[in-house]
Protein chains: 4
Amino acid sequence: MSHNYQSQGNKRLEDKSVRARMLISCPDKAGIVAAVSQFLYEQGANIVQSDQYTMDPEGGMFFMRIEFDLHELEQRLPSLQEDFGRVADRFSMRWSVFRAARRKRIAVFVSKEDHCLLELLWQWQSGDLDAEISMVISNHEDMQGIVESFGIPYHYVPVTADTKAEAERKQRELIAGKVDLIVLARYMQIVSPKFIEQFHNRIINIHHSFLPAFVGGKPYQQAYNRGVKLIGATAHYVTEELDGGPIIEQDIQRVSHRDNVAELKRIGRHIERIVLARAVKWHVEDRLLVYENKTVAFV
Amino acid sequence: MSHNYQSQGNKRLEDKSVRARMLISCPDKAGIVAAVSQFLYEQGANIVQSDQYTMDPEGGMFFMRIEFDLHELEQRLPSLQEDFGRVADRFSMRWSVFRAARRKRIAVFVSKEDHCLLELLWQWQSGDLDAEISMVISNHEDMQGIVESFGIPYHYVPVTADTKAEAERKQRELIAGKVDLIVLARYMQIVSPKFIEQFHNRIINIHHSFLPAFVGGKPYQQAYNRGVKLIGATAHYVTEELDGGPIIEQDIQRVSHRDNVAELKRIGRHIERIVLARAVKWHVEDRLLVYENKTVAFV
Amino acid sequence: MSHNYQSQGNKRLEDKSVRARMLISCPDKAGIVAAVSQFLYEQGANIVQSDQYTMDPEGGMFFMRIEFDLHELEQRLPSLQEDFGRVADRFSMRWSVFRAARRKRIAVFVSKEDHCLLELLWQWQSGDLDAEISMVISNHEDMQGIVESFGIPYHYVPVTADTKAEAERKQRELIAGKVDLIVLARYMQIVSPKFIEQFHNRIINIHHSFLPAFVGGKPYQQAYNRGVKLIGATAHYVTEELDGGPIIEQDIQRVSHRDNVAELKRIGRHIERIVLARAVKWHVEDRLLVYENKTVAFV
Amino acid sequence: MSHNYQSQGNKRLEDKSVRARMLISCPDKAGIVAAVSQFLYEQGANIVQSDQYTMDPEGGMFFMRIEFDLHELEQRLPSLQEDFGRVADRFSMRWSVFRAARRKRIAVFVSKEDHCLLELLWQWQSGDLDAEISMVISNHEDMQGIVESFGIPYHYVPVTADTKAEAERKQRELIAGKVDLIVLARYMQIVSPKFIEQFHNRIINIHHSFLPAFVGGKPYQQAYNRGVKLIGATAHYVTEELDGGPIIEQDIQRVSHRDNVAELKRIGRHIERIVLARAVKWHVEDRLLVYENKTVAFV
């Protein structure tokens with residue numbers, strides 16, 4: 001039995017079948033790290049990577065992410081989880097364990113703009129995005145060919161003002177039991193509160209501005225009108241408040257007075273795809289915790 | 001007589017006494033570049049650098065900045081300006097010519113935070129900021145020593161709710177006829193509309209957020225509350241609308257969930273001083289044109 | 001007849017059929033801008049964008065790029081070029097004029113890594129890369145399917161130590177008369193001096209390091225060994241000196257001690273595709289001039 | 001007794017008198033995290049921040065940095081250190097503990113360029129650099145006034161080819177027993193191997209290029225000659241090999257063909273001071289471990 005620690009970077013020697021990730025949130029208290037690391041040591045697990053964060057030293061929340069390796073993980077995980085209950089109870093933890101070998105299943109929702117979808121497909125194809133893309137759902141037919149050329153099912157679900165409820169019903173049927181994460185890759189329809197509730201903190205949207213600047217429609221037009229010198233993109237979890245959910249990642253690019261709205265859109269497409277791809281990658285690698293309206297991102 | 005062109009970068013051989021900068025705005029029309037460059041050629045001037053921009057090809061505005069060298073500039077500038085009137089009239093130009101050797105005189109207004117002021121002083125001392133810092137005006141006494149050690153007059157003008165009008169009267173007395181540009185380097189008092197009108201597009205403020213996100217007070221607290229992943233700073237000309245004037249420059253720095261408000265402020269200080277220093281540098285080098293509520297920045 | 005100027009940014013209203021780009025290099029001398037702009041004005045051309053640069057004010061070289069619009073461009077270009085000869089002779093110019101509507105034809109050479117090729121294909125498909133991709137030539141068969149799905153011919157030309165000369169002969173046959181630019185998009189074979197000479201300053205390579213650091217093979221391994229905190233990529237014109245040609249564009253990304261060689265490669269792929277795509281875009285938009293071993297990039 | 005964890009970011013509530021930092025290197029083995037965290041828990045210490053890294057999972061090195069709070073730290077540290085010996089022996093650790101309240105004492109060596117020195121002085125004055133600047137040593141008299149205005153002793157030690165050994169003897173006298181870290185803030189003299197050995201991994205130099213590009217003299221001239229599109233700066237520990245020591249931090253800034261050597265120097269000054277200040281900050285906060293010729297930077 002090997003108890004070696006592995007660095008995050010040493011990908012070449014990783015055996016994903018023995019790798020697990022544990023996410024913990026609890027009120028802060030002394031001894032948490034000792035208790036968790038001692039527990040894992042006694043189970044025979046090797047801590048590969050460990051990150052922690054405390055919001056506030058006095059009565060604040062504590063957050064932790066641990067990657068560990070455990071021989072015969074799949075068989076032993078149920079008993080490990082049961083045993084961990086004692087530690088968890090002692091510290092009033094909310095926690096989850098994920099097997100790295102169990103790749104998250106993604107449904108990508110898209111409308112007419114293809115750049116965010118294509119970036120996800122290529123990162124998936126190259127192995128950079130360690131997930132399954134289970135299906136693409138679109139209110140347009142445009143991308144059927146390219147998506148199917150990747151061997152991924154494409155569902156065309158048209159949406160009009162009248163058929164909105166019916167369309168969402170159909171979408172929910174398509175994903176029922178088959179999807180862990182929904183990615184809105186420039187999907188230009190509003191998702192219903194009911195849908196959002198069902199996929200709480202499991203719907204990621206890309207907004208084409210540096211939030212909270214330029215909430216709502218036509219953010220590049222808004223940015224042009226205000227004469228900003230940087231434009232941005234924001235990936236966030238979707239909540240009922242439009243463009244108001246927990247921010248996962250943001251980035252920007254420099255623009256100048258020379259760039260009109262069309263040019264801002266062109267430049268913005270590049271930031272959008274990069275920012276969205278990072279956010280999705282972090283989610284499927286279990287690097288994100290949400291607390292109140294913020295993300296803790298162990299990246 | 002030498003008619004050589006000089007590049008912007010070849011600073012070592014520049015003779016500032018012969019260098020002038022011309023800024024032009026006018027409705028777009030054919031032949032502007034030809035007319036201006038032909039005029040300067042006939043005057044014996046050498047075009048060193050030339051930038052242009054058109055907002056809209058159909059009936060839009062045209063903007064131009066030309067650096068040129070002219071032998072015996074100081075003596076010959078009045079007649080050159082008179083002669084240029086004919087070209088200007090033909091194209092309905094608004095225009096100005098500035099001698100590079102006539103350095104702009106700056107009054108820096110500051111409250112308690114010193115980082116923006118110190119950056120300006122250091123860039124001024126090292127020669128990177130080609131301007132005169134004529135005086136520093138503050139509603140606190142804290143920085144008197146350091147400012148005077150640079151040989152710059154420091155005026156302590158306390159401001160309270162009751163003495164606001166009186167304080168501004170005193171400030172205006174101090175700067176009357178002595179100042180071309182006012183820089184609000186983290187000056188935490190509101191400047192009156194009358195003052196703003198008098199120094200139209202000649203007051204630069206640094207706002208400690210990526211505008212238009214987080215207008216108004218406590219932007220770092222606002223940024224913390226929203227959970228953003230980048231914080232920014234914005235240098236802009238001051239207009240009557242709070243934090244609403246033409247944006248000159250913006251930049252950002254990456255932050256994470258680990259950074260509390262105090263840490264955001266510390267990180268932000270670095271961006272603020274860089275962004276403000278860039279904006280001031282561009283202004284004193286006559287690189288900025290304002291049209292409606294935007295800047296054209298030839299940088 | 002409209003003589004309006006157009007900004008670089010106002011893409012929406014551009015009529016490419018009337019747009020031309022002129023590149024000029026000559027010894028610096030007074031009156032060049034006036035002569036060129038006056039000439040174009042008299043031809044009825046509208047200057048849309050103009051950039052200039054002088055290496056050294058005393059006896060240095062002058063470089064200029066002008067975009068202009070001319071009614072009935074295709075028919076009138078031959079006589080314009082003939083007439084411009086007089087201006088060119090006066091200043092001993094080397095110069096060219098390109099019609100924007102005549103898109104440059106590219107042959108992409110690739111080996112096994114697909115990220116750079118895919119970025120070019122995507123930017124081409126989205127219209128961001130305003131060129132024709134005439135063919136892809138590879139010493140491997142791997143990417144035949146994906147390339148042909150874009151409707152682009154794919155030529156598999158295997159290369160071994162023994163067949164090197166024969167392979168190059170075949171490549172040159174394939175591109176003869178059909179290609180304006182060769183892009184080595186992670187093509188891992190050395191190109192012969194004869195080939196380089198034929199496509200002088202028309203072969204762009206992407207080197208996976210921040211040149212001149214890490215010339216030669218396995219740059220990511222070299223970077224890892226040296227413990228750098230940033231990794232980079234460099235797009236350059238290919239000359240006989242390995243990795244020694246004129247640099248067109250470079251960019252970097254932050255790394256840490258955690259990143260092993262595999263991780264550096266993964267991170268680097270992203271920079272490589274961005275940097276190469278920028279360089280190719282600038283070349284096909286006639287934004288690059290080469291002088292001695294440097295590029296003047298009007299971007 | 002409070003056992004709360006504190007985040008790195010929550011600076012406002014930190015009580016530095018109880019804060020310690022532990023740095024550990026050892027061959028990788030199972031149970032290290034559990035053993036260390038259990039030990040600290042039993043001592044009554046609160047882990048505030050914890051970072052770890054393993055170079056290679058099979059027989060590689062393990063590195064760890066822990067910040068913890070301990071009531072009555074100063075009195076109890078000797079016994080804690082003695083007790084920790086048992087844990088350290090079990091894992092063959094090299095380790096150190098530093099009290100945060102014991103600020104590192106810095107001697108800054110400088111020649112004629114003041115920008116790096118001034119950045120350090122200002123960050124020190126504003127509290128961003130949590131260290132003591134014990135003295136400034138220079139082979140020129142230029143900065144005596146400014147340094148002494150900060151209340152810091154300035155020692156002028158001229159160096160000529162003939163007096164080199166004598167000058168170094170004098171420098172070593174000045175710092176004997178008074179200095180924990182030497183910062184070469186654009187100090188243009190070579191330091192002797194003997195000196196380097198005495199301050200092993202405690203001399204930080206700023207090199208004005210992106211190492212390993214442009215080793216040696218006149219890096220900006222070298223960069224200009226090669227036509228790079230980015231220039232950089234590198235902070236590294238000084239070893240006998242010129243510009244070859246472990247890299248601590250690097251950063252870059254974009255330049256263009258317009259920037260001549262003088263302009264590259266001006267732009268570079270800004271990167272140099274930022275990069276050096278970061279490296280010094282990380283060193284005095286005990287965030288750096290050196291292994292072979294690389295740094296592990298827990299930042």
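Since this is a predicted model, take the numbers as computed values, not measurements. Quick note: numbers below take in every heavy atom, side chains included, and nothing from hydrogens, waters or symmetry partners.
Interface residue Asp251(C): backbone and side-chain heavy atoms are both found under 4.5 Å from chain D. Neither the backbone nor the side chain of Ser209(C) has a heavy atom closer than 4.5 Å to any heavy atom of chain D. For chain D, the nearby parts of Lys229(C) are the backbone and the side chain; heavy atoms of each come within less than 4.5 Å.
No more than 12 heavy atoms of other residues, nucleotides or ligands shown are found within 6.0 angstrom of CZ on Arg94(D).
The residue among Arg254(C), Gln222(C), Glu292(C) with the most heavy atom pairs within less than 4.5 Å of chain D is Arg254(C). Among His236(D), Gln250(D), Glu249(D), the residue making the largest number of heavy-atom pairs under 4.5 Å with chain C is Gln250(D). For the set Ser256(C), Ala223(C), Gly245(C), the count of heavy-atom pairs under 4.5 angstrom toward chain D peaks at Gly245(C).
Nearest approach of Pro212(C) to Val228(D), heavy atoms of both residues: CD-CG1, 4.1 Å. In plain terms, the two heavy atoms of Arg226(C) and Asn293(D) that are nearest each other are NH1-ND2, 3.7 Å.
Partner of His257(D) under the ring-ring contact (aromatic ring centres under 6.0 Å, His included) criterion, out of Phe298(C), Phe63(C), Tyr291(C): Phe298(C) alone.
Taking NZ of Lys294(C) as the start and CG of Asn225(D) as the end, the distance is 6.0 Å to the nearest 0.5 Å.
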